[in-house]
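For reference, the structure discussed in these notes is given below.
Position 1 is the first residue of the sequence; numbering continues from there. When a ligand or atom number is given, it counts from 1 through the structure's own listing order. Being a predicted model, the structure only gives us computed values, none of them experimental.
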Amino acid sequence: MIFRTRFAPSPTGPLHLGHAFSAMLAHDLATSEHGQFLLRIEDIDQSRSRPHWEDQIYDDLQWLGLNWPEPVMRQCERMAVYNKALDDLWARGLLYPCTCNRKDIAAAASAPQEGAPLHGPDGIIYPGTCRDKRRGTLRPKDIPLRLDMAAAGRFLTGSDQPNGKVGEFYEAGTGPNGETGTITFSLSELTDTIGDVVLSRRDMGTSYHLSVVLDDAEQGITHVVRGQDLFEATRIHVVLQVLLGLPTPQYLHHRLIRDDTGKRLAKRDDARAILKYRAEGASPADIRATVGL
Ligand code: GLU
Ligand code: ZN
């Protein structure tokens, strides 16, 4: 089996040191394993993606000394694939419509009897408002959901799964709490620990979780190299792989590059943009040294 990994940035802002670390680490691993490094442009969020940021990604990565085969996969060209998988999940009763907005969710999750709202990979864990509304009325497959663009499609996690069923993946790096090696988790716990995440967003029809799983499979990725901030989301990805009949790659979650105050770098941290380092005369070797590679 050939080692194949990828770097999957969103063209919504400049690449910063954290992106450079992730991309170079993945590229280095592919080189040492005599494997392949692929690039994927994660631009499902068309309201925030910009062509000039996509061009800047290519330019920065080339400058860092990385190369990848063409053509590059771009998510905006794969909407039909995402829709087909969503149709399949709707038809199997694994999605349900949700009309809650952020405010509704925050209010329901912090109702006095609920205690402090718990957070999952997508923010506050969904308190299940629309799931409960649905219970005992319609069978999921009776609801003509895909026609209703006013509703998001939420994943019916865990609690409808038989107890004791487990998901599993191999962590070749480390999770935020030192998790490593074979990671197993109970499917029936996901409702409380991850929540019914949105797989079909109102504004874009799909979601990060769904597209990343379909794209990794399409690109034949054997090793997903990415930041520890996505460790929790991996459980959702593994469950989706099983449901959609896709292979589960190995995962290598890496440390996050932080600013001087210990905060993880975000897109808005333009001070750490590769663009800026380049303008100031830094070399790719300087970037490597700065991120500890
Ligand atoms: N597009 C995601 C990001 O910019 C990365 C997704 C992944 O590596 O799974 O953080
Ligand atoms: Zn809802």
Side-chain angles (χ1 to χ4, degrees), residues 5-16 18-23 25-26 37-45 48-49 53-54 57 60-61 72-76 95-109 121-135 143 145 148 150-156 169 173 195-202 204 206-219 221 223-238 240-241 248-254 256-257 264-269:
T5 190
R6 49 51 167 197
F7 177 57
S10 297
T12 54
L15 294 186
H16 55 57
H19 296 107
F21 175 62
S22 200
L25 180 65
F37 169 86
L38 303 183
L39 183 61
R40 177 167 80 228
I41 300 295
E42 300 218 320
D43 57 355
I44 46 173
D45 189 349
R48 292 171 59 228
S49 297
W53 289 130
E54 185 174 331
I57 288 171
D60 282 343
L61 295 179
V72 167
M73 179 180 279
R74 297 168 75 233
Q75 290 187 323
C76 65
L95 295 183
Y96 63 91
C98 171
T99 48
C100 302
N101 59 30
R102 270 170 205 277
K103 243 173 77 193
D104 298 333
I105 294 172
D122 291 349
I124 294 178
I125 291 179
Y126 185 61
T129 321
C130 291
R131 168 200 272 250
D132 296 340
K133 244 190 305 195
R134 194 210 60 170
R135 271 235 158 85
I143 310 174
L145 310 164
D148 183 359
R154 279 193 187 273
F155 185 30
L156 187 64
F169 66 96
D196 292 353
V197 295
V198 170
L199 293 189
S200 172
R201 278 177 53 165
R202 263 180 281 229
M204 56 178 83
T206 179
S207 72
Y208 160 68
H209 299 300
L210 183 78
S211 53
V212 79
V213 158
L214 291 164
D215 296 346
D216 283 337
E218 177 64 27
Q219 291 192 300
I221 301 304
H223 292 73
V224 172
V225 177
R226 62 184 183 189
Q228 280 171 345
D229 53 324
L230 290 166
F231 181 79
E232 291 302 322
T234 305
R235 284 183 285 172
I236 286 292
H237 301 170
V238 169
L240 286 173
Q241 285 151 3
T248 293
Q250 285 194 20
Y251 286 85
L252 193 157
H253 292 94
H254 59 69
L256 301 175
I257 304 294
R264 160 165 96 82
L265 299 184
K267 274 271 151 68
R268 58 191 170 281
D269 286 317

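Vertex the Zn ion (ligand 2), arms ending at SG of C130 and SG of C100: the angle is 110° after rounding to 10 degrees.
Using modelled atom types and a 3.5 Å distance limit, the side chains of H253 and R226 yield a donor-acceptor pair. Defined by atom type and a distance below 3.5 Å, a donor-acceptor pair is missing between the side-chain atoms of Q219 and R6.
Y208 OH to D215 CG: the interatomic distance, rounded to the nearest 0.5 Å, is 10.5 Å.
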task: List the steps, then state whether side-chain hydrogen bond (donor to acceptor under 3.5 Å, both in side chains) holds for H237 with D216.
output: CA-CA 10 Å; H237 301 170; D216 283 337; over 6 Å; no

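Inter-residue side-chain proximity for I57 and H19 is flagged as unmet; no heavy-atom pair is nearer than 4.5 Å.
For the pair R154 and Y126, the cation sits on the ring face: its NZ or CZ lies under 6.0 Å from the ring centre, inside 45° of the axis.
For ligand 1, the atoms closer than 4.0 angstrom to any heavy atom of E42 are 1 (N), 2 (C), 5 (C), 6 (C). In summary, the atoms of ligand 1 found under 4.0 Å from a heavy atom of S10, numbered by their order in the structure, are 1 (N), 4 (O). Short contacts between ligand 1 and V212, defined as distances under 4.0 Å to a heavy atom of the residue, involve ligand atoms 9 (O). Near Y208, meaning under 4.0 Å from any of its heavy atoms, are these atoms of ligand 1: 6 (C), 7 (C), 9 (O). Of all the atoms in ligand 1, the ones that sit under 4.0 Å from a non-hydrogen atom of R6 are 7 (C), 8 (O), 9 (O).
Taking backbone and side-chain atoms together, Y126 has an N/O/S atom less than 2.8 Å away from the Zn ion (ligand 2).
Heavy atoms of L230 found under 4.0 angstrom from ligand 1 belong exclusively to the side chain.
In terms of N/O distances under 3.5 Å, ligand 1 is approached by A8.
Using a 4.0 angstrom heavy-atom cutoff, F7 does not count as in contact with ligand 1.
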